[in-house]
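Note that ligands are numbered from 1 as they come in the structure, with each ligand's atoms numbered from 1 the same way.
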Amino acid sequence: MCGIIGYTGKGNAAKIMLDALELLEYRGYDSAGIALLGGNGMRILKSAGRVGDLRKRCKGQDTGGHCGIGHTRWATHGGVCDQNAHPHRFGRVTLIHNGIIENYKELTEKYHLAGKLRSQTDTEVAAAVVDHFYTGDPYSAIRRTVLKLKGTFAFAVLFDDQPDKIFAVRNVSPIVAAITPDGAILSSDVAAIVPFTPDYFVLPEFHVAALSPAGIELFDLSGDREEIVWQKADWDVGQSGKGGYPFYMEKEIMEQPKAVQETILPRIRDGRPDFSEEGIPDRVLAECKRICVIACGTAMHAGLVGKSLIQAMIGIHVDVVMASEFMYNDPVVDGETLVIAISQSGETIDTLEALKFARACGSPSISIVNVRGASIARVSEYVIYTNAGPEIAVASTKAYTTQLAVLYLLTARMAAARGLWSEKTLEGFMQELKRVPDVLKQVLQTKEEIHRLAGAILHARDVFMIGRGLDYSILLEGSLKLKEVSYIHSEAYASGELKHGTIALITEDTPVIAVVTQEKLKSKELSNIREVQSRGARVLLLIKEGEALEEGEGLSCVYRLPRMEDPFMVMPASVVLQLIAYYVSSDKGLDVDKPRNLAKVVTVE
Ligand code: AGP
């Protein structure tokens, strides 16, 4: 969490950083700030609030200069206020930080900092420690500081007497850097770099990058120079804008047919699923005895769909574990457990740490990641990239459906590798998968109808969502989406579980969204719907086109989903749930893309 930027060169550093901070704002948006180092010494401008507030704060101030660092914050230590905004300055050192310094209290004591700090942040303590060790050699000060720190960090540091230079170091939290046509830039992620150049590198952990207008040098912690390993970003700048939509979330929902198509098509050869580009040997898919999916939030919900598919079609046991709980539940993974890590950003620290643990236990691993070169992709044995393009809205949409697309492909490849399906079954499955983009387009063409349906829950305080099997899995995601962007309390329940307690909350007019897409569960699901209706619930039903509903099933609203084979119905149904959440949020006048308290990339545990 937190976005960091640094620029040194011939350009106007303040302008470059403010523009970049807007692109990075999805990483945190409690406060923002910049520091400029130039002829007039160090100038720091920062304020609680959004980058827009910082821009206002900069108006009329001296913002000239060609070297600076900037930050957009997601608060961890210390509340949201001007003093706690980054950059932090102590003595001759000014720095920005993404991560958490766990031993900041011990360091405060050890270096007698009590009474000298102006903020409540762990970051200011780190600035003070760097200053303590600084005797004119930035590398030595950084090295000695890093050896004292416990926790995660990505720092960009300015020293008063090192004009035009930015120093960066990291552990776990990401930093990427690049040469621009007129200088050098660093950032938390490539989003802020692609407007300048597609060529960038990931700063290796515990290495120091020194940026100057002449370029970038890389050193290990003992001061030895190292070669930079360059990569190419494949996101073009055009993909990063809102494309005429009022919010990124709507744009990203609308992009799903293309995103899913681009995720599926390159992995189909002669009609069969193919992971030869990714170098995944069939033995990895054929020999594992069980699968453990680790992920958080939306990515974890994608894993739940994968579990249902794989258990039903391959017949092997799949666990889906919240990555944040994985380490604390004495995980049992071994060489026979295929670990699948799912993450849009590829930087979620809980998923990353869980994956590292599993690898240390000898588990083969595949990660499903959207951001090229992200930490999870690098740690994993094999990586399958979802080709969703940049996902900027905090609420994940196209990342989810592309993760599902990869899970369908994996299921099919696993079945083929194990010789479980006939050619005809495989062909039928792949044909249906290829239909998904068109079916999603069909749903998106009905977005105004979905907008009207969303009106039914606009003023609700609580919304319940019910379904069974695969329907339940996608409702967990639908409910998360509604909560995070509309702030309406919502719970997804396996419909059969309602009677064991929660049905007590259903009263006259309680809105209930029910999804019924699985033939084998239909009659049970419809009975559960009747149960809530007879307690007064107002039901919005998502059901396949052409499914008969009996008179008296008295449903207030019904949305007809385009027909697919049952295992694929989660795709169109998920998009409807995303649109419902989106319209409720936008009709409430909320900041859809940046819901309160959240950040897009969760790099703290
Ligand atoms: C959902 O809309 C959220 N953005 C969140 O749950 C997200 O899916 C989760 O934080 C995991 O992120 P990742 O995919 O980048 O690992």
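Of all the atoms in ligand 1, the ones that sit under 4.0 Å from a non-hydrogen atom of Gly297 are 6 (O). Near Gln344, meaning under 4.0 Å from any of its heavy atoms, are these atoms of ligand 1: 13 (P), 14 (O), 15 (O), 16 (O). Proximity to Ala395 (heavy-atom distance under 4.0 Å) selects the following atoms of ligand 1: 2 (O). Every atom of ligand 1 is numbered from 1 in the order shown, and the set under 4.0 Å from a heavy atom of Ala299 is 8 (O), 14 (O).
Using a cut-off of 4.0 Å between Lys/Arg side-chain N and Asp/Glu carboxylate O, Asp30 and Arg50 are scored as not salt-bridged.
Looking at Val602, Val485, Thr397 and measuring to atom 10 (O) of ligand 1, the nearest heavy atom belongs to Val602. Counting only non-hydrogen atoms, the option in Asp350, Thr348, Ile342 that gets closest to atom 12 (O) of ligand 1 is Thr348.
Under 4.0 Å from ligand 1, the heavy atoms of Glu484 that appear belong solely to its side chain.
With 3.5 Å as the limit, one finds no donor-acceptor pair spanning the side chains of Gln578 and Thr397. If you check the side chains of Asn370 and Thr386, you find a donor sitting under 3.5 Å from an acceptor. For Asp189 and Tyr26, the side-chain atoms include at least one donor-acceptor pair closer than 3.5 Å. Thr298 and Glu477 share a donor-acceptor pair across their side chains, judged by distance under 3.5 Å alone. Using modelled atom types, one finds no donor on one side chain facing an acceptor on the other under 3.5 Å when comparing Thr263 with Thr402.
When hydrogens are left out, the protein atom nearest atom 1 (C) of ligand 1 is Thr298 OG1, 2.8 Å; that is the closest non-hydrogen contact. Looking only at protein heavy atoms, the nearest one to atom 11 (C) of ligand 1 is Cys296 O, 3.3 Å. When hydrogens are left out, the protein atom nearest atom 15 (O) of ligand 1 is Ser345 OG, 2.6 Å; that is the closest non-hydrogen contact.
Residue-to-ligand polar distances place Ser343 within reach of ligand 1: an N/O pair is separated by less than 3.5 Å. The shortest N or O to N or O distance between Lys481 and ligand 1 is below 3.5 Å. Inclusion of Val394 in the set of residues having an N or O under 3.5 Å from an N or O of ligand 1 is warranted.
Between Glu381 and Val284, the closest side-chain pair of non-hydrogen atoms is not below 4.5 Å. The closest side-chain heavy-atom distance from Leu577 to Ile513 is below 4.5 Å.
Results of the side chain to side chain contact (heavy atoms under 4.5 Å, CB included) test with Asp593 over Lys600, Glu252, Lys242 single out Lys242 as the only residue that passes.
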